[in-house]
Amino acid sequence: MIAEFGYGIALVSFLVAVYSIFAAVYGATKKSASMVESARRAMLLTFPLISLAAGALIYLLVTNQFNVAFVYEVTSRSMPTYLKVTAWWGGQAGSLLFWSWLLAAFTSAVTLRKWDRDIEFLPWVIVVCSVTLVFFLGMVIFYENPFTRFWLVNGSVEPHMFAPLNATIFTPDDGNGLNPLLRHPGMVIHPPMLYLGFVSYVIPYAFAMAALITGRTDDRWIRLTRRWSLWAWLFLSFGLVLGGRWAYDVLGWGGYWGWDPVEIAAFMPWLTGTAFLHSVMIQEKRGMLKHWNMILVILTYALVIFGTFLTRSGVLSSVHAFANSPIGPLFMGFVSTTLVASIALVIYRWPTLRSETEMKSMLSREALFLLNNLLFMSILVVCFWGVIFPLISELFTGQKVTVGPPFYERATAPLFSALLFLSAVAPLSAWGHSTIQTLGRAIWKSAAAAAVVTITLFFTYTNKIGALIGFFLIALILFVTFQEFWRGTRARQQAQGENFLTALSRLMGRNRRRYGGYIIHISMALMAIGILGIELFQTSTQGALAKDETLTISGYTLQYKELASWEDRGEGVNYTRAVVDIFKDGEYIGELNPRIDYYFDSQQNMTIPGNRSTLKDDLYVLLVDWQPVSAVGATFKVYVNPLVNWLWIGSLVFLVGIVFAAWPDRDPAEEPARRSVTQRANQTSAADD
Amino acid sequence: MKKFLYTLIFIFLLSILFTGVAFAQEPLPSDDEVNAVASQLYCPVCESTPLDVCPTEACRQWRDLIRQQLADGMTEDQIKQYFVDNYGARVLAEPPKQGYFWLAYLLPPVLILAGAIMLFRSFKVWTKPQAASTGLDEEKSDPSKDEYVARFEEEIKKRN
């Protein structure tokens with residue numbers, strides 16, 4: 001009954017969303033305000049409707065209704081209730097409904113805003129959001145229905161939504177249970193964060209399309225969606241970081257990023273989104289790059305759908321799986337159609353998207369931002385090609401190949417280094433015009449300080465050239481950024497007579513985007529320390545140890561003490577946990593407990609490392625194998641990951657930076673009036689945001 | 001007694017023989033030596049999983065095979081080739097640098113270079129008029145220094 005209710009409500013939501021498309025198009029073309037309002041209300045209605053459908057699914061999940069195929073696949077009796085709720089996005093069908101629910105929520109939030117002078121955008125924003133919603137709801141209703149149930153038909157069990165003739169419902173005793181890897185707290189939050197990021201990017205895209213359709217191609221659409229873009233970027237970034245942390249904690253290979261196609265699928269829209277965040281500033285400040293910003297937002301939207309397609313269609317395991325997947329070709333068709341239609345609109349409006357001013361200097365802020373865009377696009381090219389090359393190879397030659405970390409690391413390392421360099425230089429260049437002399441004068445002190453740090457590291461830490469270049473760039477970013485904070489605060493102190501802290505907080509509070517951006521630059525530098533550490537200095541060893549035997553690596557000594565194994569029938573898990581004493585330079589510093597959890601329902605292992613984490617390095621110990629009868633010996637794999645903690649610290653600072661930049665502090669409607677004042681003030685500063 | 005002596009000598013010789021064999025045996029390669037090769041290979045069955053960290057039983061056996069191959073004196077390249085021959089090019093961490101697979105390596109730099117050239121050409125187009133105007137700004141701002149304006153002014157004076 002609940003399953004039929006959920007399906008019925010999803011179907012009604014689909015029809016309402018379809019209606020909103022037609023009503024919005026009719027209202028816009030016939031200039032009928034009442035039809036546009038009707039479309040808006042229909043759009044608003046989709047959110048409570050999909051919420052009801054989602055509520056029905058959650059009810060089925062938490063009450064162990066194993067006659068529902070989706071519930072059977074992703075839950076089991078032994079799972080705690082909170083995991084049963086989060087299993088909603090743990091499987092394909094549920095995750096598509098989750099996507100739809102988030103999109104309905106975001107679109108409702110957008111349509112509830114005051115539209116006033118932007119009312120002509122409204123119907124087209126509704127159309128774009130509704131088309132996307134209809135696509136995802138269509139998947140849920142026609143292809144990946146989470147409410148499908150098991151039926152006993154002539155002795156065999158078949159999944160159907162409605163009862164076939166002479167069929168009785170079939171209810172298994174227990175479910176398969178969620179993949180143990182997905183039961184980690186990081187993984188519980190990671191997918192929703194990624195989806196939030198993905199879905200948020202639909203809104204800037206919808207406004208861009210509305211601007212193209214209506215011909216209002218000035219930067220109004222960018223100003224209206226600035227915060228959406230920032231929040232989308234926040235969610236996507238947070239999702240990626242959580243994914244990295246989850247991999248580090250659960251996957252048991254000593255790293256956080258494996259250049260796996262699924263990771264890259266989420267990383268690609270982040271790349272275009274980051275380029276877009278920088279590029280829109282050029283349009284806002286200088287009225288340039290209007291074409292490019294349109295293309296970037298279109299690419300971001302296309303990559304969001306493409307990313308979902310990559311992870312959901314089965315195409316990554318094989319092109320044949322894609323061909324057999326009911327939703328793969330549909331996703332491909334949707335991505336292609338929206339991409340072609342969007343680019344056609346850009347071409348149609350090309351003349352109205354001309355720049356208002358010209359580039360004056362190749363060292364101006366806008367020129368450096370363009371270089372930054374080129375670098376992000378270059379990384380995107382490497383990632384995109386790396387992901388699709390195996391598919392192309394299989395399709396045309398029948399031979400499967402792997403494009404793994406060495407390919408990506410070699411290709412992207414110089415590009416990331418160049419990005420670090422730009423992060424250091426760009427804040428010092430001025431909008432409009434900069435010269436080598438002005439940049440040189442602004443940067444030399446920071447460069448000298450960074451050189452001192454690098455020389456010190458050469459004598460005390462490493463003589464690897466790649467690492468020293470990396471540390472120089474990191475130090476340069478940090479010194480330049482702190483110098484910017486210092487310079488701004490001192491100027492304010494002198495002008496306003498405020499004390500240092502007041503001047504700093506007011507300086508930052510009144511230039512949230514600029515100083516939020518600087519915090520993000522600092523966070524990038526901190527994250528780069530961690531990445532350099534683990535990529536260039538990671539060491540590992542593996543060995544089988546009898547009781548009290550030791551293993552030594554990078555100054556650490558591990559002594560195997562004991563191993564215990566026990567079952568928790570309630571949780572449905574068998575735990576095997578080792579006790580390892582750790583010594584650093586001969587001195588006892590603690591105990592680590594690497595373990596392997598075996599989940600009975602899904603018959604899968606989860607490897608949980610024992611990790612001792614400091615700012616200097618992580619000692620990361622994995623239990624690989626053991627002798628089950630006597631438990632006298634066990635095999636351990638041990639990694640020493642230098643500086644990796646800075647990656648997580650940088651991630652936290654990164655989040656602080658984005659939240660600071662995106663935090664609403666004023667009514668956006670007031671901005672145009674203040675813009676001229678701000679511009680006048682900014683003209684006095686060589687280095688504004 | 002004689003028989004006992006012969007038996008002792010026989011056992012002694014036998015023990016020397018076995019000890020000799022034991023001394024002649026090379027120790028099996030360590031886990032680290034095996035992983036150094038396995039980390040360059042991908043699990044032929046699982047998706048995107050390096051062989052050194054893959055937890056499946058099949059991969060455990062493949063690691064044992066690598067250990068045996070190392071013990072037999074095979075080089076890294078020979079072991080990798082063995083896996084490619086048996087399981088296809090997908091076991092390598094990157095496409096082999098041969099034939100059609102060169103496309104994997106060549107296309108990104110070509111596209112990036114094309115992007116860079118496009119960008120720098122655009123820079124030139126954008127900055128050219130501005131550079132000209134920057135250089136001539138002051139002259140243009142002074143009508144007396146503009147040849148055309150000066151001639152125009154002169155013509156008007158003549159007509160007047």
Side-chain angles (χ1 to χ4, degrees), chain A residues 251-255 258-263 288 316-317 355 357-362 364 367 370-371 373-375 377-379 381-386 389-390 392-394 396-397 399-407 410-411 415 433 540-544 596 605 607 622 624-625 635 637, chain B residues 30-36 38-44 46-50 52-56 60 63 84 87-96 99-101 103-120 122-131 133-134:
Chain A
L251 291 187
W253 46 271
W259 292 104
D260 179 89
V262 175
E263 293 169 337
M288 300 172 71
L316 292 173
S317 58
S355 296
T357 52
E358 288 166 336
M359 193 79 69
K360 288 178 182 170
S361 153
M362 286 175 78
S364 61
L370 257 182
L371 267 181
N373 270 227
L374 174 70
L375 292 169
M377 289 301 104
S378 301
I379 298 170
V381 164
V382 172
C383 290
F384 186 78
W385 187 235
F389 185 77
I392 292 173
S393 172
E394 190 186 358
F396 290 105
T397 68
Q399 201 169 1
K400 291 184 88 171
V401 290
T402 302
V403 178
F407 174 88
R410 199 174 43 242
L415 299 169
H433 194 68
S540 68
T541 188
Q542 180 172 315
I596 291 181
N605 278 332
T607 307
L622 296 165
V624 176
D625 202 0
T635 304
K637 182 152 194 177
Chain B
S30 69
D31 287 348
D32 287 345
E33 287 168 308
V34 172
N35 284 338
S39 64
Q40 298 174 51
L41 293 167
Y42 269 68
C43 169
C46 321
E47 291 298 324
S48 309
T49 312
D52 63 325
V53 295
C54 184
T56 62
R60 201 182 303 256
R63 285 194 291 270
V84 171
Y87 305 105
R90 65 173 297 189
V91 297
L92 297 174
E94 292 182 278
Y100 153 83
F101 296 116
L103 203 55
Y105 299 96
L106 294 179
L107 193 76
V110 167
L111 286 179
I112 292 168
L113 201 65
I117 291 169
M118 271 175 62
L119 183 64
F120 283 102
S122 307
F123 267 142
K124 273 192 166 179
V125 172
W126 286 327
T127 50
K128 209 171 180 179
Q130 198 54 47
S133 70
T134 313

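Chain letters run A, B, ... following the sequence lines, proteins first, then strands; residues in each count from 1. Below, all heavy atoms of this structure are taken into account, side chains as well, without hydrogens, waters or symmetry copies.
Annotation: side chain of A:N373 is not in contact with side chain of B:L119 (no heavy-atom distance under 4.5 Å).
Remark: A:L370 CG to B:F120 CZ distance equals 10.0 Å, nearest 0.5 Å. To the nearest 0.5 Å, the span separating CG on A:L374 from CD1 on B:I112 amounts to 8.0 Å. A distance of 4.5 Å separates CG in B:L103 from CH2 in A:W385, rounded to the nearest 0.5 Å.
Neither the backbone nor the side chain of B:A36 comes within contact range of chain A; no heavy atoms are under 4.5 Å apart. Interface residue A:L371: backbone and side-chain heavy atoms are both found under 4.5 Å from chain B.
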Report the C-alpha separation of A:Q542 and B:D52 in whole Å, then their side-chain angles, then the decisive distance to 0.1 Å, and conclude whether the side chain to side chain contact (heavy atoms under 4.5 Å, CB included) test is met. CA-CA 11 Å; A:Q542 180 172 315; B:D52 63 325; over 6 Å; no
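Your options are A:T402, A:V401, A:T607, and the one with the most heavy-atom pairs under 4.5 Å with chain B is A:T402. When each of B:Y42, B:Y105, B:Y100 is scored by its heavy-atom pairs under 4.5 Å with chain A, the top score falls to B:Y100. The most heavy-atom pairs under 4.5 Å with chain B, out of A:A411, A:G404, A:S540, come from A:G404.
Under the 30°/60° scheme for interplanar angles, the aromatic rings of A:F389 and B:F101 are found to stand perpendicular.
Considering B:L107, B:L111, B:V110 as possible partners of A:V381, the one that fulfils the side-chain contact (heavy atoms from CB on, under 4.5 Å) test is B:L111.
Considering all non-hydrogen atoms of both residues, B:P108 and A:V382 come closest at CB-CG2, 4.2 Å.
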